[in-house]
Q: 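Sending over a structure as C-alpha cells; questions will come in a sec.
In what follows, every chain begins at residue 1, and chains take the letters A, B, ... in the order their sequences are listed. Scope of the values below: all heavy atoms of this structure, side chains included, with no hydrogens, waters or symmetry mates.
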Amino acid sequence: MVMSKTSSLDVIASLCKRRGFIFHSSEIYGGINGFWDYGPLGCELKRNVKEDWWKTTVRNREDVVGLDATIIMHPAIWKASGHLDTFSDPMSTCRACKRLMRADQVWDMLAENPTGQSLQALLDEGAEAGKIVAWCKGKAKGLAPNLASVLDADTLNAAFEKLTADPASYTTVQAVYTLLANAKSPQPAVVPCPHCGGELTEPRPFNLMFKTVVGPIDDPSNVAYLRPETAQAIFAQFQNVLATSRMTVPFGIAQMGKSFRNEVTPRNYTFRSREFEQMELEFFIRPDEAVELICGHVTTMADKPDLSVPQDSWGWEVWHAYWVEQRKAWIVACGLPEDSFVEYWQKPEELAHYARACVDIEYNFPFGIQELEGIAARSDYDLSQHQKHSGKSMEVFDEPLKLAADKLDDAAKTAFADKVIAEWCARGKSEDEARAFVFKLFTGKYVPHVVEPSAGVDRMMLALICNAYEEQKLTDDKGKEDTRIVMHFSPRIAPVKVAVFPLLKNKPEIYNKAREIFEHLRRRYAAFWDEGGAIGRRYRRQDEIGTPWCVTIDFQTLEDDTMTVRDRDSMQQERLTLAQLKEKLDEALLV
RNA sequence: GCGGGCGUAGCUCAAUGGUAGAGCCCCAGCCUUCCAAGCUGGUUACGAGGGUUCGAUUCCCUUCGCCCGCUCCA
C-alpha cells in the first residue's frame, strides 16, 4: 500500500466541496471574501468538535462553568479591552512603493529610519538651503528615490526658493521633508512616504472590527461592534457568574461562539475567515502573593510539579503550563497526532505588554505552520481594565486568604508587605500600587489573574480535515491498481459514526433486517443508510467522508444475528452481534 | 489595499468569433452473496455586468471570486 499524506489544499478543498463539508458563502452571487459555510457533513463535524470541547472543558470538570453571551455588546467593552484603539487605525498606502502603514506612525517611522536621521543630521548642522539641495541630489537618491524634489528639478528649485525665503519655517525633519515633497505641487499637500518619499494616499479608516448600528436610527451615537473575540463577555459577566455559580477562585468560565474580524487578507481557505467561531476559556486564579499567604510558598515550574492534578500551591506559571498540557491532550484526543503540531513559547519581546507568557499551538498546514490555538497568562489585566472603565469592582473575596492573613501578626504582615513592594517595584510598578494591593490582600480581596486557552473551531476543523486526508494506492488480487481516498477522522469527531448496508437491496428479508438495525442504531449514533450500488462502492463512499465503521447485513445475519463490521482504516472485517457492535462504538465514542 | 496569474458541469480538464465535449461524481432502474464491476436512462457549466460584432465562452472594459507575492497580524 502506497500512501500519500502530503496533499495540497486544493485537493482537500475540492473534496470538501464534493462531499458537502465546506461551501463558499453566497456562492450563487459570486461568493464573498473571507466567509465560508459548512454543508451537511461539515456542520456535523463542527458540532462534534464543539461538543467534544465543551464536554472536556466544562462538563467533565467541576471547576469550569459556561456562558453564552451576545455577539453585540456595549461598545465600552471594546474601549476597555483595547480593541477599539488597536483595531481601528487609519492606514495609508504609498503610491510609489506600495507599502501600507499606520497614518499616525508616518513621522515616527521617518524619525527612526536612515532618511529621517540623515535629514536630522543636516538640520543639526544648521540647515542651509544649499545643503538640503545637495542632499536631494546626492544621498536622497538612495534614501528617498521617489521624493518629488529628488525626481524633479523644478520641484527642487521651488523648494530652494522657499527654504531661502523663509528658513524659520523649516527647522524640523517633518517640515523639510513635507516641503521637499510639495514645493511645486498644487494644494492640498501630500504626505510623503517615510520609506521612499513617494506620495501616500489619504489615510483611510482601517477598522478591524465590524461596525453596526443598534436601533433604527443610523447615528454615530448608536454604533456598536460585532465582537472580535468571545473572551471579553466573560470578563464583563465575571461578577454575575461568580455570584450565581457557587464557584470560588480558582475556577473557569468557558464560552463558544462566533466572532468577527475584518481581516486585511483572508487567506488559506477557511484558515483566516472574517466570521469564525472560537472556543475560549478564562480560567481565574489567585495572584501568586495570595497563594503564598495561604500555602506558605508558591509552586513554580522550577519545582518540576506533577501537572496532572491542580494544587492549591500552584502559581500562575504552573497553572499556565497545566492548561498547555490539558489543551494538547484534547487536540490529540480529537485525532491530531502529537508530532503534527508544535508548541511555540512566545519570546518576551513578542508578548503583549500585559501578558506574562503565551504559548501558541501550531499545526503544520499544507500552506505552512500556523497557529491553531493560544494559551496566554494574562495576569489581572482584563478584569482590571473593566474595573477601571466600568467603575464596578472585579475583586473577589477569598475566605482561605482572609483566614491566612488573620493569622499573621503585624510584624509578619509588614515583612510580607515589604517583600511584595520590593518585587513589584523591581517589575516597574509603583510603590503605592503595591501597597494598596497588599492591603487588599490582607482583607481577603484581590482581582483574579487569568489563564486563557483560546482555540479556533474553524482552524481546528481545517487541521483535522488536512490531517485526516489520505490517498492510498491499492492493488487488488488481480493486480489492478486503484486509488482510495480516506478521511481518517477520529471516531469522536467523525460526522457519521456508522453506515448500514443491506448486502443486496433486492432481497426483502436482508433489506428489512438491515432497515431494522439501522433504525435501532440511528437513535444512538450518527448513522447513515446506503443501499445504492455494489458493496465496495458503498465502502469507498464512506471512506471519503471518514465514517469509521460500516456494517453489512447479509444472509448469515438472518441465521445468527451477526453482521459484518468493516473498519475504515484497516479495511478488515469482523462479525459482531448488535450488542457487541454497540459496545465497540460506545467505547470508541465516549468522551 | 498594491502587483502578477487564473475563472468552462458537483469535481478534474478539453474545444471554439457561429448549436460547448469527456472522465469521475450524482440521481433513477436492471443486475449483484463483501471493497469504486457491468448495462440502460437522466440532471448539471462558459463567475457577473457592459462594450465591439450580423453573431462573443472566445476580443476589450468593469466588477466579483480564487491562487501567489507584498503589506498587516490584540
Q: Roughly how many Å is it from CD1 in A:Ile32 to C1' in B:G47, rounded to a whole number?
A: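 About 15 Å, once rounded to whole Å.
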
Q: State whether the distance check finds a donor on one side and an acceptor on the other, under 3.5 Å, for side chain A:Arg537 versus base B:A36.
A: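 There is none.
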
Q: Starting from the 5' end of RNA chain B, give me the residue, A:Gly536 or A:Ser454, whose nearest nucleotide shows up first.
A: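 Its nearest nucleotide being more 5', the pick is A:Gly536.
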
Q: Distance check, P atoms only: B:U62 and B:C27, in whole angstrom units.
A: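 Taking atom P in both B:U62 and B:C27, they lie 43 Å apart.
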
Q: Hey, does A:Gln556 reach any base, or is it just sugar-phosphate, or nothing, if we go heavy atoms under 4.0 Å?
A: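 Touches nothing.
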
Q: If only side-chain N and O atoms of A:Arg19 are considered, is one of them under 4.0 Å from the OP1 or OP2 phosphate oxygen of B:C25?
A: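 Answer is no, no contact under 4.0 Å.
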
Q: Check every strand shown and say whether A:Ser14 touches a base, only sugar-phosphate, or nothing at a heavy-atom separation below 4.0 Å.
A: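 Sugar-phosphate only.
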
Q: Any N or O donor-acceptor pair under 3.5 Å from the base of B:C34 to the side chain of A:Asp554?
A: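 Indeed there is one.
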
Q: Within the structure shown, what part of the strands sits under 4.0 Å from A:Phe35 by heavy-atom distance: base, sugar-phosphate, or nothing?
A: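 It contacts nothing in the nucleic acid.
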
Q: Side chain of A:Arg18, heavy atoms from C-beta onward: which of B:U33, B:C11, B:A37 has the nearest atom to it?
A: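 Looking only at side-chain atoms, A:Arg18 lies closest to B:C11.
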
Q: Provide the distance between the two C1' atoms, one in B:C59 and one in B:U16, to the nearest whole Å.
A: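 So the two C1' atoms sit 14 Å from each other.
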
Q: Determine the interatomic distance between C1' on B:C24 and the same-named atom on B:C34; round to the nearest Å.
A: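 23 Å, rounded to whole Å.
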
Q: What does the 5'-to-3' dot-bracket notation of RNA chain B look like when only Watson-Crick and G-U wobble pairs under 3.5 Å count, and pairs to other strands show as |?
A: (((((((..((((....[..)))).(((((.......)))))....(((((..]....))))))))))))....

Q: Would you check if the distance from the ring center of A:Tyr539 to the ring center of A:Phe501 is below 6.0 Å?
A: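 Yes.
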
Q: Between B:G4 and B:C73, how many Å separate the two P atoms, rounded to a whole number?
A: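 It works out to 25 Å between them.
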
Q: Please give the distance between the P atoms of B:C61 and B:G5 as a whole number of Å.
A: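 Comparing P positions in B:C61 and B:G5 gives a spacing of 12 Å.
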
Q: To the nearest Å, how far apart are A:Asp10 CG and B:C6 C1'?
A: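 To the nearest whole Å, that distance equals 12 Å.
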
Q: Can you tell me if A:Lys17 touches the phosphate of B:G10, counting only side-chain N or O atoms and a distance under 4.0 Å to OP1 or OP2?
A: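 No, no such contact exists.
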
Q: Given the C1' atoms of B:C70 and B:U53, what is the spacing between them in whole Å?
A: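 Their C1' atoms lie roughly 40 Å apart.
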
Q: Are A:Glu574 and A:Arg566 ion-paired here, with the side-chain N under 4.0 Å from a carboxylate O?
A: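 Salt bridge: no.
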
Q: Rounded to whole angstrom units, what separation is found between the CG atom of A:Asp530 and the C1' atom of B:C35?
A: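 Computing the A:Asp530:CG to B:C35:C1' distance gives 13 Å.
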
Q: Side chain of A:Leu504: nearest nucleotide among B:A74, B:A36, B:U32?
A: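 Output: B:U32.
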
Q: Validate the cation-pi geometry between A:Arg568 and A:Trp549: distance from NZ or CZ to the six-membered ring centre under 6.0 Å, angle to the ring axis within 45°.
A: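 Checked: cation-pi criterion not met.
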
Q: Give a yes or no on whether the ring-centroid distance for A:Phe271 and A:Phe367 is below 6.0 angstrom.
A: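 Yes: the rings meet the under 6.0 Å criterion.
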
Q: Step through it carefully: locate the ring centre of A:Trp78, locate the ring centre of A:Tyr225, and say whether they are under 6.0 Å apart.
A: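 Between A:Trp78 and A:Tyr225, the centre distance exceeds or equals 6.0 Å.
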
Q: Please check if the distance between the ring centroids of A:Phe284 and A:Phe238 is under 6.0 Å.
A: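 Distance test on ring centres: under 6.0 Å, yes.
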
Q: With respect to the side chain of A:Arg272, which nucleotide from B:C73, B:C31, B:C34 is positioned closest?
A: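 Given the options B:C73, B:C31, B:C34, the side chain of A:Arg272 is closest to B:C73.
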
Q: Is any side-chain nitrogen or oxygen of A:Asn506 closer than 4.0 Å to OP1 or OP2 of B:U32?
A: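 For A:Asn506, the contact criterion (side-chain N or O under 4.0 Å from OP1 or OP2 of B:U32) is met.
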
Q: Can you identify which nucleotide, out of B:U32, B:G65, B:C34, has its nearest atom closest to the A:His24 side chain?
A: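 Minimum distance to the A:His24 side chain belongs to B:G65.
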
Q: Rounded to whole Å, how long is the line connecting atom CD of A:Gln572 with atom P of B:C35?
A: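 In whole Å, B:C35 P and A:Gln572 CD are 12 Å from each other.
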
Q: Of all the choices, B:G29, B:C34, B:C26, which nucleotide is nearest to the side chain of A:Lys505 once you look at every atom?
A: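 The nucleotide sitting nearest to the side chain is B:G29.
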
Q: Please tell me which of the listed nucleotides, B:G65, B:C35, B:A74, lies nearest to the side chain of A:Arg378?
A: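 Minimum distance to the A:Arg378 side chain belongs to B:A74.
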
Q: Taking atom C1' in both B:A48 and B:A14, compute the distance separating them and give it to the nearest angstrom.
A: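 Result for the C1' pair: 24 Å, nearest Å.
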
Q: Starting from P on B:C35, measure out to CD on A:Glu544 and report it in whole angstrom.
A: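 Between P of B:C35 and CD of A:Glu544: 19 Å.
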
Q: Check whether more than 12 heavy atoms from other residues, nucleotides or ligands sit under 6.0 Å from atom CZ of A:Arg575, and answer yes or no.
A: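 Enclosed.
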
Q: What is the distance from CD of A:Gln472 to C1' of B:C35, rounded to the nearest Å?
A: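 From A:Gln472 CD to B:C35 C1': 12 Å.
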
Q: If we only count heavy atoms from C-beta on, is the A:Trp36 to A:Glu275 side-chain gap below 4.5 Å?
A: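 They are not in side-chain contact.
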
Q: Quick one: label A:Thr483 by what it contacts on the DNA or RNA (base, sugar-phosphate, nothing), any heavy atom closer than 4.0 Å.
A: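 Result for A:Thr483 = base.
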
Q: Taking the basic N atoms (NZ, or NE/NH1/NH2) and the acidic carboxylate oxygens, is any pair closer than 4.0 Å for A:Asp543 and A:Arg538?
A: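 The answer is no: the pair does not qualify as a salt bridge.
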
Q: Atom CG of A:Asp37 and atom P of B:G65: how far apart are they, to the nearest Å?
A: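 The distance from CG of A:Asp37 to P of B:G65 comes to 15 Å, rounded to the nearest Å.
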
Q: Between B:G7 and B:G41, how many Å separate the two P atoms, rounded to a whole number?
A: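 Per the computed distance, 34 Å lies between those P atoms.
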
Q: Indicate, yes or no, whether a donor-acceptor pair under 3.5 Å links the base of B:C35 to the side chain of A:Arg566.
A: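 When only heavy-atom distances are counted, A:Arg566 does reach the base of B:C35 through a donor-acceptor pair under 3.5 Å.
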
Q: Just to verify, which of A:Glu280, A:Glu282, A:Glu229 counts as forming a side-chain hydrogen bond (donor to acceptor under 3.5 Å, both in side chains) with A:Ser454?
A: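 For A:Ser454, the side-chain hydrogen bond (donor to acceptor under 3.5 Å, both in side chains) check succeeds only for A:Glu280.
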
Q: Nearest-Å distance, CD (A:Gln542) to P (B:C26)?
A: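 The distance from CD of A:Gln542 to P of B:C26 comes to 11 Å, rounded to the nearest Å.
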
